[in-house]
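Keep in mind it's a predicted model, so treat the numbers as computed, not measured. Computed over heavy atoms, backbone and side chain alike; hydrogens, waters and symmetry mates excluded. Order of listing sets the numbers, starting from 1, for every ligand and every atom in it.
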Amino acid sequence: MRALRLMDWKSEPELVEVAQPTPGPGQVVVRIGAAGACHSDLHLMDEFESGSVPWNPPFTLGHENAGWVHALGDGVTGLRVGEPVAVYGPWGCGTCARCRVGMDPYCENPAGAPVPGGGGGLGLDGGMAEYELVPDARHVVPLPEGLDPVQAAPLTDAGLTPYHAVRRSWPKLPPGSTAVVIGVGGLGHVGVQILKATTAARVIAVDNRAEALRLATECGADRTVASGPSAAEEIRDATGGRGADVVLDFVGADATLTLGAAVARTVGDLTIVGIGGGTLPVSFFSVPYEVSIATTYWGSRPELVEVLDLGARGLIRPKTTTFALDEATDAYRQMREGTLEGRAVIVP
Ligand SMILES: [Zn+2]
Ligand SMILES: [Zn+2]
């Protein structure tokens, strides 16, 4: 079968011929219907090097996958061949306290995972291929009625990651509250939809691209603010001077973190989702009192079930542009150039 593989760090992925996988005991092979292209793949190609993470190329890209059950290994029950499914992307050890509650990204026994701190498309073969081997049937989640793999694939990361970040802040988002979304890209535009679908907060979206702000409005943002020197003041004014109860930074650069801290309300949450590599100095007087600052990484398996439900009911709908497997490099190029709207989905 054909697979888009990262052969080495600091290189472009290559479309090559590889053997079709067969499932061992407890494993599942999924025929891929769609694989999302994630901005973090660019970090894998451009910046990572030996030692950055506990694994190395070569492996097939694609950590955001959905399709149909193709083959079941011995002992797998509860799934049937041909059934549409999403693949839960982070693969932990399965038995530590975090994995037991379905929070594999925070696995506390990475040595016991199929690959430490990774998954399919992140150290192991992912979904930018005709088939993907999923090492444990618990990562295969049946799609609810009404959701096809092209819609479902981006929900497993571009949906799940902002969902986890929003969900943990639900208690701080009652009617009358304000949430700020910084960065309206692949994750941010779904973040706006999730806030609108699951809270009564007013949503302010921030980006430096006019078309991203248009997309935010399309996704339900109550107000958009162009990044720049006056953004903080504009957001403060829009909240009666109080600031935002929750700030979700989907960029994570120095400038966006500074903006986030400048517009957070006392007792608010500043959540860093983007892996832009920026830093934020924190001291007693540098951020409003009792602001909680946290990073989040991906989401839990139970949360994926909830996200798929929102997707099936049309309450969230990632904007997608589809590409064939041999056009995947175009998708990444457009992502690099900032011309891609929403999420690129590769359909093998
Ligand atoms: Zn991703
Ligand atoms: Zn674990």
Handout entry: Pair Thr271-Arg168, side-chain donor/acceptor within less than 3.5 Å
Key = yes
Handout entry: Listed protein N/O/S atoms, distance to the Zn ion (ligand 1) under 2.8 Å
Key = Cys38 SG, His63 NE2, Asp157 OD2
Fill in the blank from the handout: Contacts of Val18 meeting side chain to side chain contact (heavy atoms under 4.5 Å, CB included) (sequence neighbours excluded), chain-then-number -> Met1, Ala3, Arg5, Val16
Handout entry: Rounded distance [0.5 Å steps], CZ in Arg317 versus CG in Leu155
Key = 9.5 Å
Exercise for the section: State whether the number of non-hydrogen atoms from other residues, nucleotides or ligands found under 6.0 Å of Glu17 atom CD is greater than 12. Expected result: yes
Practice task
For residues Arg301 and Met103, determine if any side-chain heavy atom of one lies less than 4.5 Å from a side-chain heavy atom of the other.
Solution key: no
Exercise for the section: Using the test ring pair (Phe, Tyr, Trp, His ring centres under 6.0 Å), find all partners of Tyr106 that sit at least two apart in sequence or belong to another chain. Expected result: none
Handout entry: Electrostatic pair Arg214-Glu218, nearest N-O below 4.0 angstrom
Key = no
Exercise for the section: Could you give me a count of protein N/O/S atoms that are under 2.8 Å from the Zn ion (ligand 2)? Expected result: 4
Practice task
Taking atom types as modelled, find out whether Asp269 and Ser169 have a side-chain donor-acceptor pair closer than 3.5 angstrom.
Solution key: yes
Practice task
For the residue pair Trp170 and Thr199, confirm or rule out a side-chain donor-acceptor distance under 3.5 Å.
Solution key: no
